[in-house]
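One structure below.
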Amino acid sequence: MSEPILEIHDLQVDYPTRVGVVRGVDGVDLTVYRGEVLGLVGESGCGKSTLGAAIMRLLRPPGKIVGGEIVFQGRDLMKLNAEQMRRLRGAHISMVFQDPMTCLNPLQRVSDHIVETIRTHHPEVKVAEARKRAAELIDRLGIRAERLDDYPHQLSGGMRQRVMIGLALALNADLIIADEPTTSLDVIVEAQFLDQLRDLQKQYNLTIILITHNIGVVAELADRVAVMYAGKLMELADVFPLFDEPLHPYTRGLLKSVPNISLTDDSLQIMRGSPPDLINPPSGCRFHPRCPHAMPRCERESPPFTEIEPGHWTACWLYGE
Ligand code: SF4
């Protein structure tokens, strides 16, 4: 394993509402290593996107980090002021969102986005030089240089998403957080985009946190997988052990509910119940109301996140203390 680039300790994020406080992320501990793709998966509302936004300190109001530490390359992000965080974003940590049309300015050409990104962080770079870099960059992303002067609406969904990756590459970001990057793409474009992302990741040794509800995307790209449920981490392992021998009943349920072409009948296994209300989460293990293996203890006590085998962590009483 290479050096840690990001260390999250006991992170807690709250969203106050009129009827109570939603704890969107509850006591998450996670380390991300340089050059890896970490898949962050779970059902909608499990806290995975909140965790990504918290790392960037871009939580939607009234969301607030109320506890814990986010240490990026040795710097505690919670101690940086707004200007220091602004300089860090883009230059060191970049985010690729679900729908690039909401991130790219429809009135700016592709070249304007990339040139502005480069010159915001490196004002000494002349416009002509930044434009030359932009042309080289989109060429590497498989977009012809003459598309540099296109507006976002003139590009396909896959091209727009590649431009978003290009904005991260323009500044050699150390960490890319990609939040559901393929959700807005059709399956053909998704496959092409994932191929290209895999190539770029290997070529530039990119560190990526890949947030998705799509287990197939994780299987394609991730080195390790973290599974979240109701604001907590449930399991963390290398991708093959996690898919071959998932430990946590929630992970097993997630994997069994993926449509499989080899199914002999049309009965897809589904997980019973729904994710809990996070204003009043279940006591003990948060998964106990849906868990087929729940024991009396599960309702009373929250299981600790424990390393069961080297590199394979889970939070479940089925695995002893
Ligand atoms: Fe199920 Fe208990 Fe494990 Fe929770 S701790 S996943 S309820 S067996």
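Computed from heavy atoms alone, side chains included, the values below leave out hydrogens, waters and symmetry copies. Remember, it's 1-based here, ligands and their atoms both numbered in the order they're listed.
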Under 4.0 Å from one or more heavy atoms of Leu318, ligand 1 contributes atoms 8 (S)
for atom 5 (S) of ligand 1, nearest protein heavy atom and its distance come out as Trp317 N, 3.2 Å
Got an N, O or S from His288 under 2.8 Å of atom 4 (Fe) of ligand 1? no
For atom 3 (Fe) of ligand 1, the closest protein heavy atom turns out to be Cys316 SG, 2.3 Å
### Query
Would you call Glu43-Arg290 a salt bridge at under 4.0 Å N-O?
yes
Q.
Quick check: do Asp14 and Val22 have side-chain heavy atoms less than 4.5 Å from each other?
A. no
Honestly, for Cys291 the part within reach of ligand 1 (heavy atoms, under 4.0 Å) is side chain
Quick note on ligand 1: atoms under 4.0 Å from a heavy atom of Pro249 include exactly 6 (S)
Numbered in order shown, the ligand 1 atoms found under 4.0 Å of a heavy atom of His248 are 6 (S)
Does any N or O in the side chain of Arg252 come within less than 3.5 Å of the main-chain N or O of Leu247, such that one atom is a donor and the other an acceptor? yes
- Message: What I want to find out is whether Asp149 reaches Arg131 closely enough, with some N-O distance under 4.0 Å, to be called a salt bridge.
- Response: yes
Ignoring hydrogens and geometry beyond distance, is a side-chain donor-acceptor pair present between His312 and Glu235 at under 3.5 Å?
yes
Cys298 heavy atoms within 4.0 Å reach ligand 1 at atoms 2 (Fe), 5 (S), 7 (S), 8 (S)
inquiry  = Is it true that Asp199 and Gln201 share a donor-acceptor pair across their side chains at a distance under 3.5 Å?
reply    = no
**Asked** Between Tyr229 and Phe287, how do the two ring planes meet: parallel, tilted or perpendicular, split at 30° and 60°?
**Response** perpendicular
Under 4.0 Å from one or more heavy atoms of Cys285, ligand 1 contributes atoms 4 (Fe), 5 (S), 6 (S), 7 (S)
